[in-house]
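One structure below.
When reading the values below, keep in mind they use all heavy atoms of this one structure, side chains included, and skip hydrogens, waters and symmetry mates.
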Amino acid sequence: MEKYYIWLIQLFGPANHIIHNVLEKYGTAENAYNAIMRGETAFLDRNQRNKLGYVTLDRAEKVIETAYKRGSSIVTIDSPDYPKLLKEIFNPPVILFYRGDLDCLNRLCITAVGSREVTPYIKKLSMRVCRDLARKGITIVSGMANGVDSCAHFACVNDGLITAGVPGCGLDFDYPKGSKILREKIVLNGGVVISELMPTAAPEPDYFRMRNRILAGLSRGTIVFQASMNSGSLITAASAVSENRDVFCVPPPDIFDRRYTGVIAYLRDGAIPLFNHDDILSQYEGLYL
């Protein structure tokens, strides 16, 4: 079944919500493949019809073969192992490539996001909060970028704790450069690294925006530690709001500092102020170990 999902992604592109419409129409990915190959192509655009000449099941099978050889596993949206909360969002990924223990995503997860140019204050706070939450059995989810993401992950792995990474690229691509070491530590500690992208996919701006819905979708709550008005972490916060998940924001230590101003609107609109890990624990009492 995996190959049919990969074939659909190669035909329509990753994170294309049309795939869900096709699955709803035909019932299964295999049925969709058979129908399209029989000539039911009226709903395809010109580019997609042109792709039918070179998007094949053989190519999809090679993706699977290479992924397994390089240490990745695959889970599809119809599998009982697929992360439960992620399945509830609009346009969930139909397939995930992963390395590590996927089961850590089925306990309480909290997403940590923020600026790549993290300030010393936020570095100290984010590492302490994420470490203290992970010590309580909560899985810390982040995007493996530089800045707050790295602080969140390293706060966990340096203490032997569980974290989950969602890079904006395929699992075979080393981005940010040198992050393969962090990924290995995440897996060794019982965490997981996942991506909906083909394993060799290089990072692109659109991929990060697509990835942000996964960051928000995996967790009951998202913490925005630091964000300017143009920060990509606000896309994750917006995704959390759209899915009726909680948003926590660190109040700016200086409201005139542009590095922090992106959280002000969220705090005004009802985001939960975060000062330490107790603000998370009190919100989800009984849902963590």
Side-chain angles (χ1 to χ4, degrees), residues 71 73 83 85-86 96 98-116 118-169 171 174-195 211-212 214-227 233 236-237 240 245-250 274-284 287-289:
S73 299
L85 274 184
L86 184 61
L96 293 170
Y98 70 96
R99 294 176 184 170
D101 186 358
L102 202 63
D103 191 54
C104 72
L105 296 174
N106 285 322
R107 58 184 186 175
L108 178 59
C109 296
I110 295 294
T111 292
V113 296
S115 174
R116 297 186 182 188
V118 61
T119 63
Y121 167 67
I122 293 298
K123 179 177 181 180
K124 179 180 179 180
L125 179 64
S126 62
M127 293 192 74
R128 179 172 295 182
V129 169
C130 291
R131 181 197 62 211
D132 290 346
L133 291 175
R135 284 177 174 174
K136 289 291 186 178
I138 295 170
T139 298
I140 300 298
V141 179
S142 199
M144 303 202 69
N146 293 322
V148 168
D149 290 12
S150 293
C151 290
H153 292 307
F154 278 111
C156 297
V157 299
N158 289 345
D159 212 32
L161 301 167
I162 289 176
T163 182
V166 190
C169 59
L171 296 186
D174 185 22
Y175 181 86
K177 189 172 178 61
S179 63
K180 285 187 176 181
I181 296 174
L182 173 58
R183 297 183 195 186
E184 291 171 0
K185 289 182 178 180
I186 289 173
V187 172
L188 287 173
N189 282 1
V192 69
V193 181
I194 70 170
S195 177
R211 180 275 307 273
N212 289 347
I214 300 176
L215 289 174
L218 287 169
S219 299
R220 292 183 179 270
T222 291
I223 308 170
V224 183
F225 280 100
Q226 177 188 335
S233 59
T236 307
R245 310 288 172 87
D246 296 319
V247 175
F248 301 81
C249 292
V250 174
L274 182 133
F275 298 96
N276 62 34
H277 72 292
D278 286 329
D279 297 308
I280 302 288
L281 299 182
S282 62
Q283 186 74 11
Y284 304 111
L287 295 179
Y288 54 88
L289 299 178

Q | All ring-ring contact (aromatic ring centres under 6.0 Å, His included) counterparts of Tyr121, not counting sequence neighbours | A | none
Q) Do you know the tightest heavy-atom contact between Ser219 and Leu85? A) C-CD1, 4.0 Å
**Q.** Interatomic spacing from NE2 in His277 to CG in Asp132 - rounded to 0.5 Å
**A.** 4.5 Å
Q: Might you point out which heavy atoms bring Asn146 and Ser150 nearest each other, and give the distance in Å?
A: CA-OG, 3.6 Å
Q) Within the distance-only criterion (no hydrogens, no angle test), does the side chain of Asn276 pair as donor or acceptor with the backbone N or O of Asp278 below 3.5 angstrom? A) yes
Q) When you look at Val192 and Asp101, which way does the side chain to side chain contact (heavy atoms under 4.5 Å, CB included) test go after all the steps? A) CA-CA 5 Å; Val192 69; Asp101 186 358; 5.5 Å; no
**Q.** Contact summary for Leu171 and Arg183, nearest pair of heavy atoms
**A.** O-NH1, 2.9 Å
Q | Any side-chain heavy-atom pair of Tyr98 and Pro83 under 4.5 Å | A | no
Q.
For Leu125, run the side chain to side chain contact (heavy atoms under 4.5 Å, CB included) check against Val148, Val250, Val118 and tell me which one passes.
A. Val250
Q | Partner residues of Asp279 under the salt bridge (charged side-chain N to carboxylate O under 4.0 Å, His left out) criterion, sequence neighbours left out | A | none
Q: For the residue pair Arg107 and Thr139, confirm or rule out a side-chain donor-acceptor distance under 3.5 Å.
A: yes
Q.
Please enumerate all residues that pass side chain to side chain donor-acceptor pair (under 3.5 Å) together with Arg99, with sequence neighbours excluded.
A. Ser72, Asp172
Q.
Check whether Thr119 reaches the backbone of Ile122 with its side chain - one donor and one acceptor, N or O, closer than 3.5 Å.
A. yes
Q. Out of curiosity, Ile194 CD1 to Leu102 CG, how far, rounded to the nearest 0.5 Å?
A. 7.0 Å
Q.
Is there a side-chain contact between Thr163 and Phe154 in this structure, where contact means two heavy atoms from C-beta onward sitting under 4.5 Å apart?
A. no
(Q) Looking at every non-hydrogen atom in both residues, tell me the closest pair between Tyr175 and Cys169 and how far apart they are. (A) CB-SG, 4.0 Å
Q) Closest heavy-atom contact between Ala112 and Asp149? A) O-OD1, 3.9 Å
Q: With the side chain counted from C-beta on, respond yes when Leu105 and Leu86 share a heavy-atom pair under 4.5 Å apart, and no when they do not.
A: no
Q. Between Asp246 and Gln283, what is the shortest heavy-atom contact and its length?
A. OD2-NE2, 3.6 Å
Q: Identify the residue among Val141, Ile140, Asn212 that makes a side chain to side chain contact (heavy atoms under 4.5 Å, CB included) with Thr111.
A: Val141
**Q.** Option among Lys185, Arg131, Arg135 that satisfies the salt bridge (Lys or Arg N to Asp or Glu O under 4.0 Å) test with Asp159
**A.** Arg135
Q) How far does CD1 of Ile162 sit from CD1 of Ile186, to the nearest 0.5 angstrom? A) 11.5 Å
(Q) Once rounded to the nearest 0.5 Å, what's the spacing between atom CD1 of Ile138 and atom OH of Tyr284? (A) 9.0 Å
Q: Could you grab the distance from atom CZ of Arg220 to atom CD1 of Ile280, nearest 0.5 Å is fine?
A: 13.0 Å
Q. Which value, rounded to the nearest 0.5 Å, describes the distance between Arg245 atom CZ and Leu218 atom CG?
A. 8.5 Å
